[in-house]
Chemist: 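Can you keep this structure in mind? I'll have questions shortly.
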Amino acid sequence: MAPPFAGSKFVNDGDGEVMASVVFTGIAKEDAKFLGMMAPLGAVLTDDQLAEVLTYVRGNFTNKSSAVTAAQVKAWREK
Ligand code: HEM
């Protein structure tokens, strides 16, 4: 149904801004290999909630990327 989080470049890129943008706006790749598209979820998650989800996924499923703070999410949301 959807791509794996393990090793995903969208999940592990940089400080987490790319992953945050996927959750803010959703994603539908032109070469999508999966059955659906992802709807935007930014409006239903607070900065704290989104920071916790991003941190969890970036630090699990074999991923070892840095944690994300609510302050970072707030700044990215405003951008
Ligand atoms: C807070 C919850 C969620 C997070 C953090 C999240 C995160 C992500 C990320 C990072 C990607 C890109 C992964 C990659 O391509 O390597 C992705 C893609 C996708 N997500 Fe989500 N997602 C969430 C909720 C959902 C929900 C609720 C659905 C569907 C009901 C969904 C459906 C999809 C689909 C279908 C794709 C692939 C789209 C494409 O390849 O064009 N996601 N998600």
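Every number for a ligand or one of its atoms is a count from 1 in the order of the listing.
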Chemist: How does K29 reach ligand 1, if at all, at less than 4.0 Å between non-hydrogen atoms: by side chain, backbone, both, or neither?
Modeler: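 Answer for K29: both.
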Chemist: Could you check atom 29 (C) of ligand 1 against the protein and tell me its nearest heavy-atom contact, residue, atom and distance included?
Modeler: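 Looking at atom 29 (C) of ligand 1, the protein heavy atom closest to it is M37 O, 4.9 Å.
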Chemist: List the atom of S21, the atom of V18, and the distance in Å for their closest heavy-atom pair.
Modeler: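 Scanning both residues completely, I find the closest heavy atoms to be OG-O, 2.7 Å.
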Chemist: Where the side chain of D15 meets the backbone of E17, is there a donor-acceptor pair that is under 3.5 Å apart?
Modeler: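 Checked: pair present.
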Chemist: Can you measure from CE (M19) to CH2 (W76) and round to the nearest 0.5 angstrom?
Modeler: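 The CE atom of M19 sits 10.5 Å away from the CH2 atom of W76.
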Chemist: Has E78 got a side-chain atom pairing as donor or acceptor with A75's backbone, closer than 3.5 angstrom?
Modeler: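 Not confirmed, E78 side chain does not pair with A75 backbone.
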Chemist: Heavy-atom pairs closer than 4.0 Å: do any link ligand 1 to the side chain of I27, the backbone, both, or neither?
Modeler: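 It is both parts that get close, each with some atom under 4.0 Å.
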Chemist: For atom 36 (C) of ligand 1, what's the nearest protein heavy-atom neighbour? Residue, atom name and distance, please.
Modeler: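 Protein heavy atom at minimum distance: P3 CD, 3.7 Å.
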Chemist: Answer with yes or no whether V11 contacts ligand 1, where contact means a heavy atom under 4.0 Å from a ligand atom.
Modeler: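 Yes, that is the case, since the closest heavy atom of the residue is under 4.0 Å from the ligand.
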Chemist: Tell me, which protein residue and heavy-atom name are nearest atom 11 (C) of ligand 1, and how many Å apart are they?
Modeler: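 The protein heavy atom lying closest is V22 CG1, 3.8 Å.
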Chemist: Can you find a protein heavy atom under 4.0 Å from atom 26 (C) of ligand 1?
Modeler: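 Protein heavy atoms within 4.0 Å of atom 26 (C) of ligand 1 - there are none.
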Chemist: Would you check if the side chain of D48 reaches a backbone N or O of A70 as a donor-acceptor pair within less than 3.5 Å?
Modeler: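 No, D48 side chain to A70 backbone: no donor-acceptor pair under 3.5 Å.
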Chemist: Please compare A6, S8, A20, A2 and report which has the shortest non-hydrogen distance to atom 14 (C) of ligand 1.
Modeler: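 Among A6, S8, A20, A2, the closest heavy atom to atom 14 (C) of ligand 1 comes from S8.
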Chemist: Closest non-hydrogen protein atom to atom 17 (C) of ligand 1, residue and atom name please, with distance?
Modeler: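 In this structure, atom 17 (C) of ligand 1 has M38 SD, 3.6 Å as its nearest protein heavy atom.
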Chemist: Verify, without hydrogens or angle tests, whether N12 (side chain) and S8 (backbone) share a donor-acceptor contact under 3.5 angstrom.
Modeler: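 Between the backbone of S8 and the side chain of N12 there is a qualifying donor-acceptor contact (under 3.5 Å).
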Chemist: Within the supplied structure, the quantity of interest is the number of heavy atoms (other residues, nucleotides, ligands) at a distance under 6.0 Å from Y56 OH; does it exceed 12?
Modeler: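 Open: at most 12 neighbouring heavy atoms sit under 6.0 Å from OH of Y56.
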Chemist: Tell me, which protein residue and heavy-atom name are nearest atom 7 (C) of ligand 1, and how many Å apart are they?
Modeler: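 The answer is F5 CE2, 3.6 Å.
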Chemist: Could you check whether any heavy atom of M1 sits closer than 4.0 Å to an atom of ligand 1, since that is the contact criterion I want to use?
Modeler: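 Contact present.
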Chemist: Could you check atom 2 (C) of ligand 1 against the protein and tell me its nearest heavy-atom contact, residue, atom and distance included?
Modeler: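 Sorting protein heavy atoms by distance from atom 2 (C) of ligand 1 puts L41 CD1, 3.9 Å first.
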